[in-house]
Protein chains: 2
Amino acid sequence: MNTWKSIIKESDFSLQNLPFGIFSSNRRQPRVGVALGDEIIDLAALHDIGLLGDLEIKKSVLINSSLNDFIGLGRKATTKVRSILQQHLNYPKSELKDYPSLFVQQSNAKMHLPVKIGDYTDFYSSIDHARNVGKLFRDPKNALLPNWRHLPVAYHGRSSSIIVSGEDIIRPKGQLKQDENLSPVFGPTQRLDFELEMGFIIGKDSQMGSSITTAEAEDYIFGLVLVNDWSARDIQKWEYIPLGPFLGKNFATSISPWVIPLESLEPFRANGPKQAPAVLPYLQYKGKRSFDISLEVAIEAEGGEEEILCQVNFKSMYWNMSQQLAHHTINGCPVRVGDLMASGTISGKTRKTMGSLLEITQGGNKPIKLSNGTSRAFLQDYDKVIMRGKCAKKELRVGFGEVRGKILPANLF
Amino acid sequence: MNTWKSIIKESDFSLQNLPFGIFSSNRRQPRVGVALGDEIIDLAALHDIGLLGDLEIKKSVLINSSLNDFIGLGRKATTKVRSILQQHLNYPKSELKDYPSLFVQQSNAKMHLPVKIGDYTDFYSSIDHARNVGKLFRDPKNALLPNWRHLPVAYHGRSSSIIVSGEDIIRPKGQLKQDENLSPVFGPTQRLDFELEMGFIIGKDSQMGSSITTAEAEDYIFGLVLVNDWSARDIQKWEYIPLGPFLGKNFATSISPWVIPLESLEPFRANGPKQAPAVLPYLQYKGKRSFDISLEVAIEAEGGEEEILCQVNFKSMYWNMSQQLAHHTINGCPVRVGDLMASGTISGKTRKTMGSLLEITQGGNKPIKLSNGTSRAFLQDYDKVIMRGKCAKKELRVGFGEVRGKILPANLF
């Protein structure tokens with residue numbers, strides 16, 4: 001589908017995409033916007049000129065510091081907004097052309113955290129990641145734990161420290177156990193890492209005590225974002241037995257600002273890996289529930305240039321989002337609009353497809369060389385990490401933009 | 001301190017206590033109330049007659065479905081509300097006597113979840129509980145894990161399934177591994193349990209990247225509630241390695257409706273256990289940071305009577321709330337008004353002081369007899385579990401009311 005707007009062919013934000021986010025600018029307080037090429041369409045301004053038709057959306061839903069109320073209108077309404085935009089942007093004589101103030105340059109806007117996240121769940125759904133980590137920490141011959149192929153393992157993360165792309169990460173401090181035989185010491189983490197993940201945003205509330213089936217799961221998925229689940233490996237290692245990761249993770253999680261609606265991804269559906277042994281009936285599903293999304297991680301050291309560390313595809317995940325949601329609610333746990341569910345680190349088998357430094361450097365033992373001559377076992381202060389995602393099929397492009405973050409030195413006190 | 005209101009001497013809700021909660025009644029939409037004896041003082045009504053003085057509290061803070069905005073006014077304001085109430089209720093000629101509609105019988109009111117909980121953290125801070133469980137699951141000679149005495153172990157729980165006392169619990173379903181050598185099966189949990197815990201509610205936001213010291217920690221604690229952290233032991237056992245408890249816990253957590261302000265508990269400060277080895281400097285503290293609160297758990301089988309299963313004191317906890325908060329934020333993780341931090345199961349060494357059936361029945365191996373002739377390894381459908389807490393010192397009483405919940409059969413589908 002074409003548009004009279006001039007958008008480069010490779011743009012992440014095509015007419016097929018139309019992702020939603022929260023932006024502000026000098027003259028505009030935080031509000032719902034839609035990315036298109038290098039611009040943002042101001043939905044509140046569109047509402048002002050009466051172009052949201054008979055949707056009867058309250059303006060307070062659009063001039064809002066989160067997408068939650070907008071998402072809460074339901075898929076019928078949000079899909080309608082997309083199709084109104086697609087029609088107008090495709091029609092050469094559209095009246096939108098008369099209203100240049102509907103459009104804001106992305107370079108003049110500030111992006112905000114797109115949703116108010118009630119609960120954040122992090123899965124562990126890449127089989128190669130689970131194997132890579134299992135080999136490092138446990139028996140290399142039995143890298144996968146016994147439950148791994150039977151259920152999508154997950155744990156609860158922290159909502160309060162989820163930030164939007166571009167916000168800096170302060171190196172966390174904590175207890176480090178540097179030697180098996182010594183007492184723990186206190187200090188800044190020496191093993192700061194990234195984790196390449198995808199996340200999905202819940203689009204519909206479920207009821208406590210009821211479960212979402214795999215057949216209906218996608219009705220509850222509003223859209224997807226990129227996630228960098230920053231990790232402090234030394235803090236995590238000392239604390240995580242028996243109740244799981246805590247301070248090693250909850251100092252910061254970054255997400256990309258644009259939520260890519262599930263419907264934008266329709267052309268990129270894919271089959272997931274075969275699951276064996278067969279999963280229990282509540283985890284079985286029909287159809288293509290994986291998505292062909294090319295992902296990459298780049299690092300940019302201070303004064304250096306961006307270098308790609310990892311390229312991997314989201315469709316490689318063993319457990320898909322429908323299964324994750326069916327599992328999460330099988331015990332009656334309710335989900336709410338705005339909840340974030342992340343995939344867990346996305347990795348392949350080979351070094352250049354691994355989504356964390358822990359894996360790439362084999363636990364820090366095989367540092368990587370950067371082009372500026374320095375090397376990295378883990379992240380150093382002022383390193384920037386940038387993650388990107390993109391779907392492509394013939395002429396069709398749907399991109400995720402990026403999630404980026406820079407490491408700042410630990411606070412002294 | 002006495003009041004002209006007639007309150008029985010043993011009432012949980014004395015003039016010293018004055019806990020805050022959210023209630024509604026036939027004629028009153030959800031709003032902030034203060035418990036006193038068998039009644040509730042309607043703060044919005046108090047506001048209407050001008051008795052909240054020069055506090056300039058907006059009425060929308062008081063007619064509200066959560067305490068968050070009220071707590072967010074800050075301790076100075078909430079303490080002032082308490083002292084206005086104490087003065088008026090102590091003064092025999094108080095004008096409050098002219099306004100009977102300020103008072104609502106608790107029996108005519110419905111209590112709501114008192115706070116909107118952003119993040120819920122569950123600690124594991126009772127040394128006897130950690131030992132009791134360690135002996136059941138791991139090496140009895142090394143029941144405590146190596147990190148346990150160095151840091152207050154914790155994990156993130158789920159906010160969306162936190163409910164107020166009185167709401168029923170639907171028996172959760174999930175994957176159960178009944179035999180080491182067999183595949184997991186699907187069904188309702190066979191090992192449903194309670195966990196006796198205390199929780200505290202955060203009263204002040206902290207900034208991301210900064211830490212709360214033990215010296216300032218109590219400024220961030222608004223008040224305390226009773227917590228029943230319902231657990232499905234079979235689901236938990238199969239899922240929890242390596243990322244911790246998930247579906248075994250997140251189907252339901254019940255809290256008591258009245259938040260007991262920290263200042264009500266001043267007379268009941270106590271010393272905690274000696275900690276050895278010495279903890280790292282950021283976990284060291286001065287003064288009495290534990291609280292002398294007598295706790296009990298009762299069970300009431302269908303058609304039976306209440307029977308006490310456990311009596312234990314909160315002051316036995318190895319890690320206190322100030323240490324928990326200092327640890328939680330040492331890595332820069334932010335806390336927000338309304339967050340819930342629970343203690344973990346509170347247990348002693350002996351059978352009658354254990355805060356879960358897992359411990360009381362030694363993993364289900366030694367069922368308890370109930371007076372109606374039936375026995376329990378774990379909870380059965382229609383069992384009610386009731387937890388209570390009380391501080392007493394000479395004539396002074398501060399009680400927590402109760403948290404209760406009844407088990408309903410699993411949903412079939």
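Note that the structure is a prediction, hence the values are computed from the model and not measured. In what follows, chains are A, B, ... by sequence order, proteins preceding strands, each numbered from 1.
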Please name the pair of heavy atoms, one in [X] and one in [Y], separated by the smallest distance, quoted to 0.1 Å.
X	Y	value
A/Asp119	B/Ser160	OD2-N, 2.9 Å
B/Tyr124	A/Pro242	CE2-CG, 4.3 Å
A/Asn147	B/Glu239	ND2-O, 3.5 Å
B/Ser161	A/Met208	O-CE, 3.6 Å
A/Ser183	B/His150	OG-CE1, 4.4 Å

Discussion item. Just so I understand: if I count every heavy-atom pair under 4.5 Å between each of A/Gly174, A/Gly157, A/Pro281 and chain B, which residue has the most?
Written reply: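 Heavy-atom pairs under 4.5 Å are most numerous for A/Gly157.
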Practice prompt. Heavy-atom pairs under 4.5 Å with chain B are the metric here; pick the option from A/Trp148, A/Phe137, A/Phe251 that has the most.
Written response: A/Phe251
Is [X] in contact with chain B via its backbone, its side chain, both, or neither, using a 4.5 Å heavy-atom distance?
X	value
A/Ile162	neither
A/Lys249	neither
A/Pro146	both
A/Leu280	side chain

Which bit of [X] comes within less than 4.5 Å of chain A, counting heavy atoms only: side chain, backbone, both or neither?
X	value
B/Arg138	side chain
B/Leu145	side chain
B/Val335	both
B/Ala252	both

Worksheet item: Can you tell me if NZ on B/Lys237 sees more than 12 non-hydrogen neighbours from other groups inside 6.0 Å?
Response: no
Worksheet entry | Side-chain H-bond candidate by donor/acceptor type, A/Arg158 with B/Thr121, under 3.5 Å | yes
As an exercise: rank [options] by heavy-atom pairs under 4.5 Å with chain A and give me the winner.
options	answer
B/Ile169, B/Leu408, B/Ile170, B/Asp339	B/Asp339
B/Pro277, B/Ser210, B/Ala410, B/Pro245	B/Pro245
B/Gly332, B/Pro172, B/Ser159	B/Ser159

Worksheet item: Is the backbone of B/Gly209 close enough, under 3.5 Å, to the side chain of A/Asn411 for a donor and an acceptor to pair up by distance?
Response: yes
Worksheet item: Counting only N and O atoms by type, is there a donor-acceptor contact under 3.5 Å from the side chain of A/Asn331 to the main-chain atoms of B/Leu247?
Response: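 Side chain of A/Asn331 to backbone of B/Leu247, a donor-acceptor pair under 3.5 Å: yes, one is there.
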Discussion item. Below 30° counts as parallel, above 60° as perpendicular, anything between as tilted: where do the rings of A/Phe246 and B/His156 land?
Written reply: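 Because their plane-to-plane angle lies in the 30° to 60° range, the rings of A/Phe246 and B/His156 count as tilted.
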Item to complete: Quick one: sort the B/Phe186 and A/Tyr282 rings into parallel, tilted or perpendicular, breaks at 30° and 60°.
Response: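 Ring orientation of B/Phe186 relative to A/Tyr282: tilted.
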Discussion item. Using side-chain heavy atoms (C-beta onward) and a distance below 4.5 Å, is B/Leu283 in contact with A/Gln175?
Written reply: yes
Worksheet item: Side chains of A/Trp238 and B/Leu151: closer than 4.5 Å at any heavy-atom pair?
Response: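 Yes, at least one pair of side-chain atoms sits under 4.5 Å.
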